[in-house]
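Below, each value reflects all heavy atoms present in this structure, side chains not excepted, and no hydrogens, waters or symmetry copies. Below, read A as the first sequence line, B as the second, and so on, with proteins coming before strands; counting in each chain starts at 1.
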Number of protein chains: 2
Amino acid sequence: MAVTIKDVAKLADVAPSTVSRVIANSPRISDRTKEAVREAMNELGYHPNFNARSLANQSTKTIGVVMPNSANKTFQNPFFPEVIRGISSRSHQLEYGLYLSTGQTEDEIFEEVQDMVLGKRVDGIILLYSRVNDKVMNYLHQQKFPFTVIGRPYEPSMTDLTYVNNDNFKAAKTVTEYLLLLGHEKIAFIGGNLDFVVTVDHMEGYRKALTNAGIDLRDEYVVFHEELQEGGQEAVIDLMSLAERPTALIVADDIMTFGVMRMLAEMEMSVPDDVSIISFNNVTISELSSPPMTTVDINIFSLGYEAASCLIDLIHKPGIEPKQVLIPHKMIKRQTCQRLTPKLNEKAK
Amino acid sequence: MAVTIKDVAKLADVAPSTVSRVIANSPRISDRTKEAVREAMNELGYHPNFNARSLANQSTKTIGVVMPNSANKTFQNPFFPEVIRGISSRSHQLEYGLYLSTGQTEDEIFEEVQDMVLGKRVDGIILLYSRVNDKVMNYLHQQKFPFTVIGRPYEPSMTDLTYVNNDNFKAAKTVTEYLLLLGHEKIAFIGGNLDFVVTVDHMEGYRKALTNAGIDLRDEYVVFHEELQEGGQEAVIDLMSLAERPTALIVADDIMTFGVMRMLAEMEMSVPDDVSIISFNNVTISELSSPPMTTVDINIFSLGYEAASCLIDLIHKPGIEPKQVLIPHKMIKRQTCQRLTPKLNEKAK
DNA sequence: ATGAAAGCGCTAACAC
DNA sequence: GTGTTAGCGCTTTCAT
């Protein structure tokens with residue numbers, strides 16, 4: 001079909017194996033022949049066939065990126081383009097390609113992952129989420145296939161995994177303490193899907209801070225919602241229907257916060273005068289809410305970048321120690337948090 | 001290494017070719033042997049090797065997705081996850097995988113694309129953008145490699161391309177007319193990067209509507225900005241510094257609109273009381289601006305879905321006629337447009 | 001320093 | 001219906 005290594009060999013008057021060595025830039029080939037072969041390549045417009053290479057090499061130079069089921073709107077979150085940008089960036093540097101999962105349901109994704117590993121379609125996999133008791137993660141683990149997780153494995157027993165994560169527990173704790181310092185005591189927590197480990201960690205941080213402060217955790221103040229924007233809106237309805245309205249809200253995700261703020265505006269409640277809000281992620285549009293939201297920057301790009309780094313390391317040195325990378329976070333104070341005034345406290349009742 | 005077709009053949013006591021035929025579910029194999037072979041497969045846990053298949057077949061069953069250079073923030077737009085979701089959905093149905101470009105600059109991307117086609121890494125390519133005089137598009141075209149474009153080719157002469165697009169000209173024209181009907185005459189246009197064909201089309205639609213209405217197009221009212229959110233903010237500064245401020249804004253992209261609205265809020269100008277805004281795309285967060293923005297839904301998911309459909313068609317039937325698919329758009333009226341009152345007209349001066 | 005040849009795992013043309 | 005065999009294009013011992 002196309003021009004192959006043989007054609008080049010013929011033209012350069014050498015053996016195919018020599019051409020192969022030139023491609024690999026083997027030091028055992030004389031500069032003279034290297035030159036000649038390269039010339040022949042150019043003349044013929046030779047380009048190595050990827051599949052042939054992969055087959056002979058048992059290596060594809062591509063990494064699989066597995067997203068959560070895109071059936072629901074999770075995927076709409078600007079979080080994903082940004083992690084992928086991070087992964088992309090590092091993969092490109094290290095000359096790895098990216099293969100994307102396309103499944104919409106958990107089962108479809110599981111099938112795809114099996115295909116990727118058993119069919120040797122990729123050299124390693126990055127999991128873009130960490131769900132409690134996740135089939136895919138268990139499978140990869142048990143297959144001993146190179147993979148890294150963005151987030152933390154749900155089981156402490158999975159100590160031999162490589163993952164990159166934020167200290168979500170601490171972030172949530174700090175954020176709660178911050179609100180406490182501002183005088184808030186009725187602090188509600190609007191979490192994401194409880195199946196995701198990050199949600200659990202947020203929850204625990206929130207709980208811990210309250211406990212430390214000697215404040216009872218009220219069940220009515222803790223709600224979880226899967227859907228991003230709709231969830232935010234529903235959560236607000238639930239929370240603001242309570243006899244004792246919260247004066248501050250901790251929201252799992254910036255996009256959700258947009259929903260929260262929208263609904264609050266509709267109720268003619270003002271942020272931060274009537275209620276303070278702080279959330280997580282600091283995606284790019286976050287600074288464009290009205291008012292701009294206070295949030296925790298979790299360094300999404302780095303999460304992706306490091307995950308790719310670790311994975312490729314894992315691929316190159318199979319026996320290597322599992323590594324846990326913690327990406328720092330940082331509170332970004334903008335305009336949705338305010339000191340609680342006694343007057344507001346009244347009003348809230 | 002792993003279990004191959006030969007192992008299965010041996011166990012089932014047939015020839016390797018028979019096993020291959022069973023995989024392809026060839027009708028020329030008796031049900032009896034099919035059963036036997038399948039059993040052997042299960043017993044051994046056989047899974048076909050992808051690379052071997054691709055090599056023998058000259059077909060990879062994967063499609064390359066090429067994004068604009070992610071170095072700048074273009075990529076942050078929720079537009080991309082959504083097109084990809086569309087592409088994903090269709091590809092999955094048709095059992096194609098997705099391979100993503102990772103290059104950050106135009107040159108890097110070009111190199112990658114060459115690799116994909118020359119290295120036979122993918123069977124076809126979807127271009128997620130359409131830039132004026134784009135190297136990649138030209139290359140693909142000249143190589144006669146199967147590809148589809150989301151957007152319209154910049155050259156009318158490229159009549160043999162398959163692409164899926166919105167009628168961006170018409171959408172922009174309609175939107176301008178709508179503002180005109182609301183009594184606005186000082187209508188500004190905030191466009192995206194002029195290198196993108198969509199920007200040109202928007203521009204033309206805007207111009208046409210004004211001309212039809214007998215209104216002169218003022219150069220000061222037309223600004224272009226590459227960066228999404230920052231661009232929106234800068235544009236507002238420029239526009240509102242004019243002696244005669246516009247009373248209405250047409251913004252190329254919802255995300256930009258967030259920036260626009262943020263800046264307007266900072267200037268204490270109210271939307272839609274002081275200025276009306278209408279924009280394009282209707283990404284998911286669009287309804288969560290305050291106030292919720294009026295925008296044109298361009299059906300992003302369908303753009304991706306159809307692009308994948310067309311491409312795979314192109315791959316299966318090489319000689320097929322090029323096709324142009326037009327995805328309908330729809331104005332979504334929310335709360336950022338208002339009839340111009342004489343009083344407002346005064347104020348604007 | 002280079003060549004010959006086997007093999008990566010699968011498909012397909014050709015036999016029977 | 002099923003087996004034989006020759007590739008697909010590259011890498012990699014093993015010779016020399």
Side-chain angles (χ1 to χ4, degrees), chain A residues 1-41 44-62 95 115-123, chain B residues 1-41 44-62 95 115-123:
Chain A
M1 294 254 95
V3 29
T4 80
I5 217 175
K6 281 189 185 173
D7 303 322
V8 176
K10 209 165 290 172
L11 181 61
D13 204 34
V14 294
S17 49
T18 303
V19 177
S20 175
R21 289 189 184 104
V22 173
I23 294 173
N25 199 14
S26 158
R28 349 161 79 232
I29 297 287
S30 78
D31 287 355
R32 265 252 313 288
T33 41
K34 269 188 190 171
E35 217 18 81
V37 169
R38 295 222 171 90
E39 209 163 288
M41 284 178 170
L44 297 177
Y46 169 80
H47 200 99
N49 178 306
F50 219 86
N51 296 112
R53 250 186 160 200
S54 298
L55 185 58
N57 268 339
Q58 311 277 44
S59 135
T60 61
K61 286 291 221 167
T62 112
E95 304 197 282
D115 248 54
M116 291 190 207
V117 344
L118 267 14
K120 307 219 178 326
R121 213 168 170 156
V122 301
D123 293 346
Chain B
M1 298 252 94
V3 30
T4 80
I5 217 177
K6 281 190 182 171
D7 303 321
V8 177
K10 210 166 288 174
L11 180 61
D13 205 34
V14 295
S17 52
T18 304
V19 178
S20 175
R21 290 190 185 104
V22 172
I23 294 173
N25 200 13
S26 158
R28 351 162 77 237
I29 298 287
S30 78
D31 287 355
R32 265 252 312 289
T33 41
K34 269 188 191 173
E35 219 16 82
V37 170
R38 295 223 171 89
E39 209 163 287
M41 284 179 173
L44 297 177
Y46 169 80
H47 199 98
N49 178 306
F50 219 86
N51 296 114
R53 251 188 158 199
S54 298
L55 185 58
N57 267 340
Q58 310 278 42
S59 134
T60 60
K61 284 291 221 168
T62 112
E95 304 197 282
D115 247 54
M116 291 190 206
V117 346
L118 266 14
K120 308 220 176 326
R121 214 169 171 155
V122 301
D123 292 347

Between [atom2] of [N] and [atom1] of [X], the distance in whole Å:
X      : N      : atom1 : atom2 : answer
B:I29  : C:dT11 : CD1   : P     : 12 Å
A:R53  : D:dT12 : CZ    : P     : 9 Å
B:R121 : D:dC8  : CZ    : P     : 22 Å
B:N51  : D:dG9  : CG    : P     : 15 Å
A:D7   : D:dC10 : CG    : C1'   : 13 Å
B:N49  : C:dG7  : CG    : P     : 17 Å
A:K6   : C:dA4  : NZ    : P     : 12 Å
B:Q58  : C:dC10 : CD    : P     : 17 Å

Just the atom pairs and distances: protein N or O near nucleotides 12-16 of chain C's N or O, under 3.5 Å.
| from | atom 1 | to | atom 2 | distance (Å) |
| --- | --- | --- | --- | --- |
| C:dA13 | N6 | B:R21 | NH2 | 2.8 |

Margin query: For a quick test of reading the model: is some side-chain N or O of B:S30 closer than 4.0 Å to OP1 or OP2 of D:dT2?
Written below: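 The answer is yes; a side-chain N or O of B:S30 sits under 4.0 Å from OP1 or OP2.
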Notebook entry, point to check: Counting only side-chain N and O atoms of A:T33, is one of them less than 4.0 Å from OP1 or OP2 of C:dA1?
Noted result: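 For A:T33, the contact criterion (side-chain N or O under 4.0 Å from OP1 or OP2 of C:dA1) is not met.
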Margin query: If you compare all heavy atoms of A:G119 against all heavy atoms of B:H47, which two are closest, and at what distance to 0.1 Å?
Written below: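 Where A:G119 meets B:H47 most closely, the heavy atoms are N-CD2, 3.6 Å.
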Item checked: Sidechain-backbone polar pair: B:N51 side chain, A:N51 backbone, donor-acceptor under 3.5 Å ->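 Pair absent, no side-chain N/O of B:N51 close to backbone of A:N51.
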Note to self: Quick one: does any side-chain atom of B:K34 pair with a main-chain N or O of B:S26 as donor and acceptor, under 3.5 Å?
What the structure shows: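 Between the backbone of B:S26 and the side chain of B:K34 there is a qualifying donor-acceptor contact (under 3.5 Å).
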Margin query: For B:K10, is the NZ atom crowded, meaning more than 12 foreign heavy atoms sit under 6.0 Å from it?
Written below: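 Not buried by this count: 12 neighbours or fewer within 6.0 Å.
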Check: For A:Y46 and A:I23, what are the C-alpha separation, side-chain angles and deciding distance, and is it a side-chain contact (heavy atoms from CB on, under 4.5 Å)?
Finding: CA-CA 11 Å; A:Y46 169 80; A:I23 294 173; 3.6 Å; yes
Have a look at [X] and say if it touches a base, only the backbone sugar-phosphate, or nothing, with a 4.0 Å heavy-atom cut-off.
X     : result
B:L55 : base
A:V19 : nothing
B:F50 : nothing

Next item on the list: Might you work through the side-chain contact (heavy atoms from CB on, under 4.5 Å) test for A:R21 and A:V37, ending with a clear yes or no?
Entry: CA-CA 10 Å; A:R21 289 189 184 104; A:V37 169; over 6 Å; no
Note to self: side-chain contact (heavy atoms from CB on, under 4.5 Å) for B:I29 and B:T18? Distances and angles first, verdict last.
What the structure shows: CA-CA 8 Å; B:I29 298 287; B:T18 304; 3.9 Å; yes
Notebook entry, point to check: In terms of the nearest nucleotide of DNA chain D, which residue is placed more toward the 5' end: B:K34 or A:I23?
Noted result: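 Closer to the 5' end of DNA chain D: B:K34.
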